[in-house]
There are 2 protein chains.
Amino acid sequence: MRSDTERTVRAILEAAERVLSRNPAAGMEQIAEAAGVARTTVHRRFASRDALVDAMAAWATRRFAEAVESAYTTTAPALVTLHQVTASVLRVKIDWGYAMSRTASDPEVARVHAEVRERCDKLFRRARDAGLISADADLDWARRVYYALIHETATGPDQDHDADALATRLVDTLLHGFGD
Amino acid sequence: MRSDTERTVRAILEAAERVLSRNPAAGMEQIAEAAGVARTTVHRRFASRDALVDAMAAWATRRFAEAVESAYTTTAPALVTLHQVTASVLRVKIDWGYAMSRTASDPEVARVHAEVRERCDKLFRRARDAGLISADADLDWARRVYYALIHETATGPDQDHDADALATRLVDTLLHGFGD
DNA sequence: AGAACTTGCAACATTTATGTCGCATGTCAT
DNA sequence: ATGACATGCGACATAAATGTTGCAAGTTCT
């Protein structure tokens with residue numbers, strides 16, 4: 001792949017994320033314009049609109065997997081790992097919120113998501129065994145809340161804040177709520 | 001309005017909610033089919049697709065406002081009110097999730113949402129004054145988390161559960177999280 | 001420098017959703 | 001019963017997004 005082409009592909013993917021996260025019904029025209037290329041160029045690189053969205057999902061999923069991979073450990077205390085993973089995921093999801101919310105037809109994407117979810121469950125069980133999460137907590141519900149908090153944080157008005165600070169607030173809320 | 005017409009309008013609104021909550025990109029054809037009417041009939045009742053969606057939002061917003069109105073009190077303890085409002089809102093949002101997530105162009109809809117949000121803030125302040133919510137909690141963040149939990153609960157796999165039970169779990173999570 | 005590749009542009013084809021109309025048939029309300 | 005209204009159906013009109021192609025001009029890489 002020529003350096004030329006790679007730049008264009010990246011520009012299109014990033015523009016598509018910007019445009020579609022604001023307006024999921026936007027057309028190829030608007031995406032092309034945001035990327036600074038002609039509409040035909042988008043079609044040259046991505047056979048169809050669906051192919052483009054799938055490529056976005058694949059790209060975002062790769063970064064997502066990397067983010068989890070780099071932060072996940074079984075050696076550090078569960079609280080530390082939870083914090084690191086959260087911050088790491090937030091950094092990706094702030095930039096690729098639309099692409100990550102698409103459940104692509106690509107089975108590889110689905111596989112990665114399932115794998116991450118499995119890791120999340122493992123981490124939560126470890127946190128429960130460490131006494132961080134209450135012994136009678138519903139871990140399925142806990143995971144759903146955790147995902148919802150990540151989504152809210154990543155799409156909310158705090159996107160310019162430090163990911164570590166956001167993760168601290170998120171994990172604190174997850175573990176203690178707003179009561180005394 | 002003839003009794004005839006009213007039934008049709010209702011059927012269309014409910015079908016549109018069912019169809020669009022599954023697939024926001026669905027066309028008038030699919031909505032009409034789900035409602036058991038011809039596509040032209042939908043166009044007779046709603047001038048355009050946008051008009052239909054706006055009508056859905058208006059309809060759902062009315063029920064939303066009623067739900068809050070009927071459950072909100074300033075006399076009962078904050079915890080009781082919080083629980084009742086939550087259960088009441090859940091009952092509506094489970095059935096009208098798509099319509100409620102649309103911020104309609106109708107200013108009346110926006111007004112109601114702003115009003116409910118104001119009430120939510122008042123209730124949270126009352127909860128804080130009562131010691132239910134920690135004195136140093138960020139109430140803006142608390143409201144965002146509360147909304148996110150409602151959204152997750154209403155769109156998640158628990159829709160057939162009892163709204164009171166869901167509200168209990170939701171409020172408990174909001175106040176105490178999953179820690180010990 | 002030169003081959004291979006990429007891009008923009010304009011034009012065209014196709015598809016799909018949307019919106020409109022008239023008319024025959026059926027339903028409602030008084 | 002009867003006038004007024006609603007519906008289904010088929011046909012039509014239109015607009016917009018999508019996808020394709022050929023070619024001239026520019027870029028990359030060796």
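Letters A, B, ... are given to chains in the order of the sequence lines, protein chains preceding strands, and every chain is numbered from 1. For the numbers below, each heavy atom of this structure counts, side chains included, while hydrogens, waters and symmetry mates do not.
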- Considering heavy-atom distances to DNA chain C, does B:Ala47 or A:Val9 have its closest nucleotide positioned more toward the 5' end? A:Val9

- Item | Minimum heavy-atom distance between A:Ala34 and A:Ala15, given as atom pair plus value | C-CB, 3.7 Å

- Within residues 12-39 of chain B: residues closer than 4.0 Å to DNA chain C (heavy atoms): B:Gly27, B:Met28, B:Arg39

- Please list residues of residues 1-8 of chain B whose heavy atoms come under 4.0 Å from any atom in DNA chain C, ordered by number; otherwise none. B:Arg2, B:Ser3, B:Asp4, B:Arg7

Do [X] and [Y] get their side chains close enough for a donor-acceptor pair, meaning under 3.5 Å?
{"X": "B:Ser88", "Y": "B:Tyr72", "result": "no"}
{"X": "B:Thr153", "Y": "B:Asp158", "result": "no"}
{"X": "B:Asp136", "Y": "B:Ser134", "result": "yes"}

- Item | d(NE2, A:His43; P, C:dC12) in whole Å | 19 Å

- Task: Using atom CZ of A:Arg49 as one end and atom C1' of D:dA16 as the other, report the distance to the nearest whole Å.
- Result: 13 Å

- Item | Donor/acceptor link under 3.5 angstrom from B:Arg44 side chain onto base of D:dG8 | yes

- Query: Does a side-chain heavy-atom distance below 4.5 Å link B:Glu29 with B:Val42?
  - Reply: no

- Task: Test ring-ring contact (aromatic ring centres under 6.0 Å, His included) on B:Phe178 and A:His176 and set out the steps.
- Result: CA-CA 6 Å; B:Phe178 294 94; A:His176 306 115; over 10 Å; no

- Message: Please determine whether side chain to side chain contact (heavy atoms under 4.5 Å, CB included) holds for the pair B:His113 and B:Phe64, giving the CA-CA distance in whole Å, both sets of side-chain angles, and the decisive distance to 0.1 Å.
- Response: CA-CA 9 Å; B:His113 277 262; B:Phe64 179 43; 4.1 Å; yes

- Task: Test salt bridge (charged side-chain N to carboxylate O under 4.0 Å, His left out) on A:Arg111 and A:Glu115 and set out the steps.
- Result: CA-CA 6 Å; A:Arg111 197 187 59 77; A:Glu115 198 176 294; 2.7 Å; yes

